[in-house]
S.K.: 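Before I ask anything, let me first share the structure, which is written out below as structure tokens.
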Amino acid sequence: MKNVIDINHRLKKQSKTGSTKRSTSAPVIDMVEKRNEILSQERRQVKRTLLSEFVGAFVLVPRKGLMKVTLYDISENGLAFDLERAAGHFALGEEVAMRVYLNQQTYFPFIVKIQNVRNIDDEDIYRHGSNFVKGTINDQALHHFVKFIETVSASLHGDEGDIVVSNLTR
């Protein structure tokens, strides 16, 4: 016990002088919940990046043909997409034919029903929220596509240019 410092007498002295204040209640912060919220937000950002740069999406506009849209978000029930303001917007409840292109010549079609439309002034777009119309063309392919995007998005990493090979000589 030679190396142990007894602090009991110091604790008693502080409590008598009142220099140590104790609060009767303190807010408890659930760090697990906060961490999960941050991770979820990071995943959504990665997913949105993936969707906007990886997948080509188009809507069929009557009398105009195919028009490129930017996918904003996707889930098992539907997706959100952005359409340039100059192109106009779809009406609430309207069913819209969409195509997702996996390369320049290969796509699968499906139908969505517009649930909400918002004007995003600073981006000069209309953001459309839509639900997938069930029981129509390519239900199975669409389900698996969404699961693929969700699964891949959970483990994506951004390339920061940290691995660069240059000036290789033999």
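Keep in mind the model is a prediction, meaning the values are calculated, not measured. These numbers come from the heavy atoms of this one structure, side chains and all, not from hydrogens, waters or symmetry mates.
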S.K.: When you measure from the side chain of Arg85 to the backbone N and O of Asp121, does any donor-acceptor pair fall under 3.5 Å?
M.R.: yes
S.K.: Heavy atoms only: give me the nearest Glu123-Arg127 pair and the separation to one decimal.
M.R.: OE1-NH2, 3.6 Å
S.K.: Rounded to the nearest 0.5 Å, what separation is found between the CZ atom of Phe110 and the CG atom of Leu79?
M.R.: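 Separation between the atoms: 5.0 Å.
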S.K.: Checking the side chain of Asn138 only, and the main-chain atoms of Ala141 only, is there a donor and an acceptor separated by less than 3.5 Å?
M.R.: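 Not at all, since once roles are kept as given, no pair shorter than 3.5 Å links the two residues.
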S.K.: From the options Ile111, Val69, Val112, select the one residue that forms a side chain to side chain contact (heavy atoms under 4.5 Å, CB included) with Val96.
M.R.: Val112
S.K.: Salt-bridged, Lys147 to Glu76, with N to O below 4.0 Å?
M.R.: yes
S.K.: Measure from the side-chain N and O atoms of His128 to the backbone N and O of Asn116, and report whether any donor-acceptor pair falls under 3.5 Å.
M.R.: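 A pair under 3.5 Å: no.
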S.K.: State which residues pass side chain to side chain donor-acceptor pair (under 3.5 Å) with Gln105; sequence neighbours excluded, sorted by chain then number.
M.R.: none
S.K.: Taking the side chain as C-beta and beyond, is there a heavy-atom pair between Arg99 and Leu66 under 4.5 Å?
M.R.: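 Yes - at least one pair of side-chain heavy atoms lies under 4.5 Å apart.
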S.K.: Which atom names give the shortest non-hydrogen contact between Met67 and Ala87, and what distance separates them?
M.R.: SD-CB, 3.2 Å
S.K.: Describe, in one word, how the ring planes of Tyr107 and Tyr101 are oriented to each other, choosing from parallel (under 30°), tilted (30 to 60°) and perpendicular (over 60°).
M.R.: tilted
S.K.: Following the transitive rule for hydrophobic clusters with a side-chain heavy-atom cut-off under 4.5 Å over Ile, Leu, Val, Met, Phe, Trp and Tyr, establish whether Phe132 and Val117 coincide in one cluster.
M.R.: yes
